[in-house]
Amino acid sequence: MAEQYIVGVAGFIACLLGLVFLYFNSLVRFRGLSKLGRPATGNCGAVGTTDIIIVGAGVAGAALAYSLGKDGRRVRVIERDFTAPDRIAGEGLMPGGYLKLIELGLKDCVDDIDARHVLGLVLYKNGKDATLSFPVEKFESHVAAKCFHNGRFVQRLREKAASVHNVSLEQGTVTSLIEENGTVTGVRYKDKSGRLLTAYAPLTVVCDGCFSNLRRSLCNPKVDIPSHFAGLVLTNCKLPNEKYGALILAEPSPILFYPISSTEIRCLVDIPSRNVPSVSDGAMAHYLKSLVAPNVFPELYPVFISAIEKGNIRVMPNRVMAAAPNRIPGAFLIGDALNIRHPLTGGGMTVALSDVVLLRDLLRPLHDLSDASAVFAYLESFNTLRKPMSSTINTMANVLQVVFSAPTGPVMEDIQQACFGYLRLGGVYANGVSAIFSGLHPSPLSLAFHFFAIVLYGVGRLLLPFPSPNRLWNGAKLLWVASSILLPFLWSEGVRQMFFPLTVPAYYRTPPGRWTSSTSDRDSRDCVDEIDAQRVRSYFLYKDGNDAHVTFPREKYQSCVAGRSFHNGRFVKRLRNKSASIHYVGLEQGTVTSLIEENGTVKGVHYKDKTGRLPTAYAPLTIMDAAPHSTPGALLTGGDACNVWHAITRGPMPSTINTLANVLHKVFGASSDPEMENVQQALFVYLKLGGVFLHGVSAMLSGLCPRPSSLAFHFAAIAIYGVGRLQYTNLALPFVHVLLFSGCIL
């Protein structure tokens with residue numbers, strides 16, 4: 001009996017230990033506690049255990065994993081090789097990219113890797129120089145370009161990602177995407193032991209770099225290789241200006257220098273792809289010694305020759321690829337997997353980190369990623385929103401590579417000389433270009449302005465001291481060739497998205513399932529519950545016995561999405577109760593009497609509490625209802641505080657809804673003027689047409705698509721429609737009067 005009792009107790013303990021082991025194992029597999037490899041099974045990533053799969057743990061992948069993990073997402077990262085990358089690119093982070101790194105909370109990733117603090121770039125040509133200093137005066141002293149060994153930086157990013165408990169990093173090679181009914185639901189991959197496994201998640205983000213093997217499944221890549229980099233590392237030497245990189249514009253190849261550690265300088269020679277010498281047969285060494293070395297700084301010449309003789313020459317193709325993503329729900333491309341620019345300006349990591357920040361911010365309002373089609377439709381805005389940063393840096397890099405390459409004729413020499421001379425002017429000319437170059441002011445309009453300013457400067461140089469037929473012809477050729485360089489790159493980036501993003505419908509996509517445009521992304525939609533709020537799905541307009549049905553375009557949203565009508569006091573009270581439920585929010589009754597200002601900066605407020613006392617309150621930022629002035633320390637916000645619109649549309653969005661409300665009030669107001677009557681009749685009948693005519697107006701009225709361009713289009717269409725009606729009915733009133741009258745209203 002005793003032995004049976006002991007065996008029974010032992011069995012019970014073994015069962016308990018087995019349950020504990022199974023529970024812990026489930027935590028390891030499903031909660032991401034194992035960082036660099038999980039117990040893998042044939043279907044180890046089932047739906048529900050992972051929110052997002054990230055393919056690739058380079059700069060973009062590791063940074064995205066960290067930021068999404070910090071936001072509470074369950075993230076699974078699959079990386080081909082976790083050893084430190086050894087590359088001759090990805091070694092320069094521009095100031096704009098460094099600011100994105102700070103925004104992601106990854107500033108310390110450039111610490112303890114011997115990163116160099118670089119303040120700008122000096123261009124050298126024919127014994128002259130032009131200095132491009134990054135405009136970082138308004139930032140803290142640590143904001144500058146950072147140059148380092150790429151492998152050290154990537155490993156630091158991976159360590160940060162692995163430190164987040166709900167981020168799992170696994171070594172494996174993703175071979176293909178899993179598609180079901182046209183939607184990507186996961187990936188197939190080989191782990192480091194060679195087993196073929198699958199992983200599932202509602203969203204798969206592919207960021208496996210410029211050599212992506214999944215790119216063809218998600219986009220239409222058109223890769224061009226205009227040149228190759230021949231890379232060397234120069235040790236124990238210094239540049240003429242230690243805080244600046246150097247770019248020598250020489251024939252046959254421009255030469256780029258920048259520090260990557262306290263003892264090393266990276267040298268990159270840009271060689272056109274049509275005549276790249278071979279490294280294996282010694283042709284590259286001969287090319288560098290005989291044609292490139294004579295253009296190197298005298299103080300670096302011995303070290304340059306020594307590096308060549310050591311045989312540590314590495315060659316890398318420089319790819320250029322514009323973004324052309326396909327419409328495949330469930331998967332997403334970012335970073336170099338999506339688009340690549342020439343690495344001459346070092347903008348790749350800046351664009352990648354900007355993509356990460358943007359995607360993180362877009363995903364934050366989404367609590368449920370299971371509806372792949374709705375999520376994908378919403379994330380289409382990413383490709384337009386990224387354009388200011390990506391397209392500007394891409395175009396700048398690609399254009400400068402063409403301009404700075406060895407001239408192929410007198411016109412290209414004139415263009416290069418014009419660019420160099422323009423930058424030598426300094427001031428707003430050089431600062432404007434460096435602001436774009438550094439990613440601190442990525443404005444497509446600024447890019448176009450400076451490009452054509454350089455062209456005009458070059459044409460002016462050719463026309464001096466006075467124009468002649470030959471000089472005019474040379475100026476025309478310069479203008480033509482310069483335009484032929486810029487315009488193809490602008491076209492590939494998307495002129496509409498770059499310069500007219502407000503005309504792109506995807507720009508206005510809202511998160512799927514949002515309650516209304518005026519509720520918070522967080523859990524505040526219950527503020528319209530229990531206040532007897534009524535759903536409003538449409539308006540009816542009545543005139544002279546006829547009606548027009550204005551329906552809100554809600555088809556792409558959940559059934560709960562509609563307008564709401566309620567007692568204002570009940571709604572405001574619910575919002576106040578919601579705010580009071582947050583422990584660090586304090587609500588106090590009082591009347592603010594004045595602002596506290598010190599040296600032109602608002603420091604706080606004077607107010608009278610409900611007992612009549614006059615206390616003061618101080619804070620770094622005061623958000624108030626007051627007249628808008630440029631006053632440091634204070635911010636004007638809210639609908640009626642900033643501007644007031646007519647209440648006919650009951651919508652607080654600015655610009656489009658303001659204009660629409662005021663115009664509709666003017667048109668719908670009772671008037672005995674025959675011209676106003678014709679405008680009102682034209683609008684009413686236009687809405688009765690239904691279809692795209694009605695839906696376009698109702699989309700603006702409802703705040704679901706508040707596009708100024710759509711407002712202007714529909715107003716012009718209504719005016720033209722009204723003119724057509726007048727001509728068709730042979731009314732005596734001249735149609736020009738209607739157009740002029742409509743214009744006066746708008």
Side-chain angles (χ1 to χ4, degrees), residues 52-69 75 77-81 85 87 89-94 96-101 103-104 106 109 150-151 153-158 160-161 169 174 177 184 187 203-223 316 318-326 328 331-343 345-363 379 382-394 397-398 439 442 493:
I52 298 174
I53 293 172
I54 297 177
V55 180
V59 173
L64 182 63
Y66 175 81
S67 59
L68 295 180
V75 181
V77 183
I78 303 174
E79 163 60 31
R80 181 180 59 83
D81 186 2
R87 303 178 57 195
E91 297 173 324
L93 181 63
M94 292 294 108
Y98 179 63
L99 291 177
K100 296 296 181 183
L101 198 70
E103 191 174 346
L104 291 168
L106 296 168
C109 288
N150 175 267
F153 179 58
V154 171
Q155 290 299 88
R156 289 281 288 163
L157 290 172
R158 290 170 176 173
K160 289 287 287 188
L169 278 74
V174 176
L177 301 173
V184 174
V187 296
L203 181 62
T204 299
V205 181
V206 177
C207 44
D208 51 349
C210 61
F211 300 102
S212 173
N213 64 332
L214 300 177
R215 180 187 293 138
R216 293 187 179 277
S217 302
L218 300 173
C219 73
N220 300 313
K222 296 180 180 178
V223 181
M316 180 192 79
N318 295 323
R319 289 173 167 80
V320 173
M321 185 189 75
N326 291 332
I328 301 179
F332 211 72
L333 279 168
I334 67 169
D336 283 351
L338 174 61
N339 92 285
I340 315 168
R341 78 289 316 148
H342 197 281
T345 60
M349 288 192 294
T350 300
V351 173
L353 292 172
S354 176
D355 283 354
V356 170
V357 171
L358 177 57
L359 184 57
R360 178 203 63 180
D361 292 344
L362 287 174
L363 288 174
L379 290 180
F382 171 87
N383 293 308
T384 299
L385 295 172
R386 72 186 293 267
K387 283 298 178 179
M389 177 70 83
S390 66
S391 62
T392 304
I393 290 181
N394 294 349
N398 298 332
E493 290 292 333

### Query
Passes side-chain contact (heavy atoms from CB on, under 4.5 Å), Phe153 versus Leu101? Steps please.
CA-CA 12 Å; Phe153 179 58; Leu101 198 70; 4.0 Å; yes
### Task
Decide yes or no on side-chain contact (heavy atoms from CB on, under 4.5 Å) for Val174 and Asp208, but give the supporting numbers first.
CA-CA 10 Å; Val174 176; Asp208 51 349; over 6 Å; no
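- Results of the side-chain contact (heavy atoms from CB on, under 4.5 Å) test with Val55 over Val77, Thr204, Leu177 single out Thr204 as the only residue that passes.
- With rounding to the nearest 0.5 angstrom, the CG atom of Leu169 is 10.0 Å from the CD1 atom of Ile78.
- Atoms OG and CD, from Ser67 and Glu103 in turn, are 10.5 Å apart once rounded to the nearest 0.5 Å.
- Of all the heavy atoms in Cys219 and Ala324, the pair that sits closest is CB-O, 3.1 Å.
- Between Thr345 and Met94 there is no side-chain heavy-atom pair separated by less than 4.5 Å.
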### Message
Is there a side chain to side chain donor-acceptor pair (under 3.5 Å) between Arg386 and Asn339? Walk through the geometry before answering.
### Response
CA-CA 12 Å; Arg386 72 186 293 267; Asn339 92 285; 2.8 Å; yes
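- With hydrogens and angles ignored, the 3.5 Å screen pairs no side-chain donor or acceptor of Arg215 with any backbone N or O of Val206.
- Closest of all the heavy-atom pairs between Ala337 and Met321 is O-CE, 3.7 Å.
- Within the 4.5 Å cutoff, the side chain of Ile334 has heavy atoms near those of the Phe382 side chain.
- A donor-acceptor pair under 3.5 Å is absent between the side-chain atoms of Asn150 and the main chain of Arg87, judged by distance alone.
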### Query
Would Leu362 and Leu385 count as a side-chain contact (heavy atoms from CB on, under 4.5 Å) if you check the C-alpha gap in whole Å, the side-chain angles of each, and the deciding distance to 0.1 Å?
CA-CA 10 Å; Leu362 287 174; Leu385 295 172; 4.0 Å; yes
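- For Ser212 (side chain) and Gly209 (main-chain N/O), no donor-acceptor pair under 3.5 Å exists by modelled atom type.
- To the nearest 0.5 Å, atom CG of residue Leu106 and atom NZ of residue Lys100 are 13.5 Å apart.
- Leu333 has its side chain out of reach of Cys207: every pair of non-hydrogen atoms, C-beta onward, lies at least 4.5 Å apart.
- Proximity of a side-chain donor or acceptor of Arg158 to a complementary backbone N or O of Ala57 within less than 3.5 Å is detected.
- Look at Asp336 and Arg341 and you find a salt bridge, because one of the NZ, NE, NH1 or NH2 atoms lies within 4.0 Å of a carboxylate O, short of that distance.
- Val75 has its side chain within reach of Ile54: a pair of non-hydrogen atoms, C-beta onward, lies under 4.5 Å apart.
- Proximity of a side-chain donor or acceptor of Ser354 to a complementary backbone N or O of Thr350 within less than 3.5 Å is not detected.
- No side-chain heavy atom of Leu218 sits under 4.5 Å from any side-chain heavy atom of Pro325.
- Side chain of Lys160 to main chain of Ala62: no donor-acceptor pair is present (N/O by atom type, distance under 3.5 Å, no hydrogens or angles).
- Taking the side chain as every heavy atom from C-beta outward, Val205 and Ile52 approach each other to under 4.5 Å.
- With rounding to the nearest 0.5 angstrom, the CG atom of Leu157 is 9.0 Å from the CE atom of Met349.
- Remark: the Ser390 side chain and the Asn394 side chain contain no N/O donor-acceptor pair separated by less than 3.5 Å.
- The CG atom of Asn318 sits 10.5 Å away from atom CD1 of Ile340, with the distance rounded to the nearest 0.5 Å.
- Counting only heavy atoms from C-beta outward, the side chains of Lys387 and Glu493 approach each other to under 4.5 Å.
- For Gly347 against Ile393, the heavy-atom pair with the smallest separation is CA-CG2, 3.8 Å.
- Of the residues Leu359, Leu363, Val357, the one that meets the side-chain contact (heavy atoms from CB on, under 4.5 Å) test with Asp361 is Val357.
- No hydrogens or angles considered: nothing links the side chains of Arg216 and Asn326 as a donor-acceptor pair under 3.5 Å.
- Open room surrounds CZ on Arg80; 12 or fewer heavy atoms of other groups in view lie less than 6.0 Å from it.
- The CG atom of Leu93 sits 10.5 Å away from atom SG of Cys109, with the distance rounded to the nearest 0.5 Å.
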